[in-house]
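Please read all numbers here as calculations on a predicted model, not as lab measurements. In listed order, ligands and their atoms are each counted from 1. FYI, side chains are in, hydrogens and waters are out, and symmetry mates aren't considered; it's all heavy atoms of this structure.
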Amino acid sequence: MMRLLENEIMEPLGLMYIAANLLRENIQVRIIDRRVELARHGYSLQKANEIFSECLEQYRPDHVACTVNSVQIPDARLIGEMVRKTPRIKSYILGGPEATIRPEYTMRRIDAANILFCGDGEIPLALYLKGDISKKVDGCVLDRSKSNSVMPYHETNLSILPHPFRQMEGMDYYLTKDKNILVDYGRSLGKASSGMAEVITSRGCNGRCRFCAVCKVTGLTMRFHSLDWIINELKELIESGIDCIYFNDDVFTVEKKRTIELCERIIREEIHKKLKWIAQSRPDAIDEELLALMKEAGCARIEYGFESGSAIMLRKMGKNIALSQYYTVAEKTHQAGLSFQANIIYGYPAETKESVRETIAFLSSIHAHSVLLNVFSPVPGSVVWYEMKQSGCLDGIDINGEWLPAHPCLARKNYTELNNIEWVTSLFQLMRYAPEALSFYEDNEGLFRAVSEISDGLLIYG
Ligand code: B12
Ligand code: SF4
């Protein structure tokens, strides 16, 4: 499994949603987070496997279900092998982003799996476990014994779902652990938070960025929780000692009217006095009015998916936003007294020395409170991934991390026309604006490996 630093491990929200619905249907459930077990035990896969085997013995489940994104295929396969050795287990079930984007492929790669669910898992999994797959959801189930075709299931009324299950064993790990991320958020809140949780108010995004697979996972139509549903979850979290929320929506401000109503409710119900929060937004989905109201409603920080400071790159990435809007939004966010993070992608195929220069000029002018520097990797399900695959650019490269866990890390390749020396040099120049990225590479000894391995165009960090 790809190595996640401890401060990157967030609540397993997808599984927590599913668990809540299973419990409502009186189906017993346990969540085992392999990322936590690995981080706790020095990234020893052997130890994590031992723990998983012990859990199988102790809890004696009838079924094992696993969430799979593109880099988790090798681990899902490993888990499948362990499940196969326990004949009393009736089925090994898959779901999650990769299962939704490429169901047949995922099933082929994880041969211990019997059943795969495409799309939202809450309702279909509960029906399946109760032996009651109805017409409404049967189209999202891929059954190995039938080789049928599948369509993702997307729940249109999100408010029928229970709040994510937060009473599970080990929950403190996510909510109160002194994560670096909290220290950083604490800074933006003016104090260290005593507990942070993630909340989702909507699923999906109306953007169509070419490097992103969100719409393949969540569907093309946006779906929203009702305001009552959200307010109740916030109140429950306050009661359990949480004072900081990370809204995990892809674009929290996607619908202005709804965002205004939500902020007004938060203020009216005095939630803003007990909770500070962070949200993600896009420069074309926010304005002065929203910024002021969000600040009043307790927003402490916004994370903007800027991606680049080059107009050409933005067009190639399918961002569809004028660069001038970026500068305006950054200025208005400062004026509103909100701190913000600039999320940047380096190394998209069209990247040039000029576009890097423009991004650097952009970053030095906007004075973001932090910069999240991501090195581009083609994500299965994104438009650019399909294009690169078709043109043969990805031949011989296994983006799915199929060569993991031998190397518990993610491959970053130079997909640009820059030569490798230019590619590394540009990366280092950008890192001056993102010291966290620099320390991330140093912590992982990846900086040196990056330099030593870049000769064949492959940057590895782990
Ligand atoms: C928050 C987030 C993270 C967090 C961690 C999330 C977590 N679960 O702990 C962080 C920042 C660490 C992260 C890291 C990465 N992420 Co991420 N992440 C997200 C994000 C923004 C939201 C995920 C979320 O909470 N969704 C809300 C819940 C309710 O939905 P869900 O998890 O999908 O679960 C539902 C269904 O999928 C399904 N389901 C899920 N599991 C299961 C299991 C079973 C058995 C069943 C039946 C159903 C089922 O039912 C759930 C409830 O409806 C999504 C974008 C998005 N909107 O999906 C990207 C996304 C999932 N991430 C993505 C990627 C690529 C990554 C990274 C590889 C990025 C990188 N290059 O480093 C790493 C991988 C880390 C790892 N080892 O797994 C891609 C995945 C695409 C793909 N092809 O797999 C997405 C779609 C974004 C994108 N770039 O397009 N991520
Ligand atoms: S990158 Fe962000 S804005 Fe663009 S499509 Fe994905 S979630 Fe939407």
Q: Could you tell me whether some N/O pair between Gly121 and ligand 1 is separated by less than 3.5 angstrom?
A: yes
Q. Does a side-chain N-to-carboxylate-O contact under 4.0 Å join Glu81 and Lys85?
A. no
(Q) Give the atom numbers and elements of ligand 1 that come within less than 4.0 Å of a heavy atom of Phe117. (A) 47 (C)
Q: Any atoms of ligand 1 less than 4.0 Å from a non-hydrogen atom of Asp120? List them with their elements.
A: 50 (O), 53 (O)
Q: From the options Gly119, Pro12, Cys212, Ala213, select the one whose nearest heavy atom is closest to atom 36 (C) of ligand 1.
A: Gly119
Q | Nearest-option assignment for atom 9 (O) of ligand 1, heavy atoms, candidates Arg35, Arg34, Met16 | A | Arg35
Q) Are any of the side-chain heavy atoms of Leu78 and Arg34 separated by less than 4.5 Å? A) yes
(Q) Heavy atom to atom 49 (C) of ligand 1, shortest distance: which of Ala65, Gly96, Gly14 holds it? (A) Gly96
Q) Do Tyr348 and Tyr415 make the cut of ring centroids closer than 6.0 angstrom? A) no
Q: Considering the heavy atoms of Ile101, write down every atom of ligand 1 situated less than 4.0 Å from one of them.
A: 82 (C), 83 (N)
Q. Any N/O of Val217 closer than 3.5 Å to an N/O of ligand 1?
A. no
Q | Per atom 27 (C) of ligand 1, closest listed option by heavy atom (Leu13, Ile18, Ile200) | A | Ile200
Q | Sub-4.0 Å protein heavy atom next to atom 8 (Fe) of ligand 2 | A | yes
Q | Tally of protein N, O or S atoms, where distance to atom 8 (Fe) of ligand 2 is under 2.8 Å | A | 1
Q) Where is the tightest heavy-atom contact between Gly347 and Trp423, given as atom of each residue plus distance? A) CA-NE1, 4.3 Å
Q | Ligand-residue contact atoms, ligand 1 with Gln72, heavy atoms, under 4.0 Å | A | 78 (O)
Q | Neighbour count >12 (heavy atoms, 6.0 Å) for atom CG, Asn206 | A | yes
Q) In ligand 1, which numbered atoms sit nearer than 4.0 Å to a non-hydrogen atom of Asn69? A) 74 (C), 76 (C), 78 (O), 84 (O)
(Q) At less than 4.0 angstrom from any non-hydrogen atom of Phe211, what atoms of ligand 2 do you find? (A) 1 (S)
Q: Check ligand 1 against Pro97 and write out every atom of the ligand that is under 4.0 Å from a heavy-atom position of the residue.
A: 61 (C), 84 (O)
**Q.** Sole candidate of Ile344, Leu372, Asn343 that passes side chain to side chain contact (heavy atoms under 4.5 Å, CB included) when paired with Phe306
**A.** Ile344
(Q) Aromatic contact between Tyr326 and Phe362, with the criterion being ring centroids under 6.0 Å apart: yes or no? (A) yes
Q | Atoms in ligand 1 with a heavy atom of Asn248 nearer than 4.0 Å | A | 1 (C), 25 (O)
Q: Show which atoms of ligand 1 fall inside a sub-4.0 Å distance from at least one heavy-atom site of Cys66.
A: 43 (C), 45 (C)
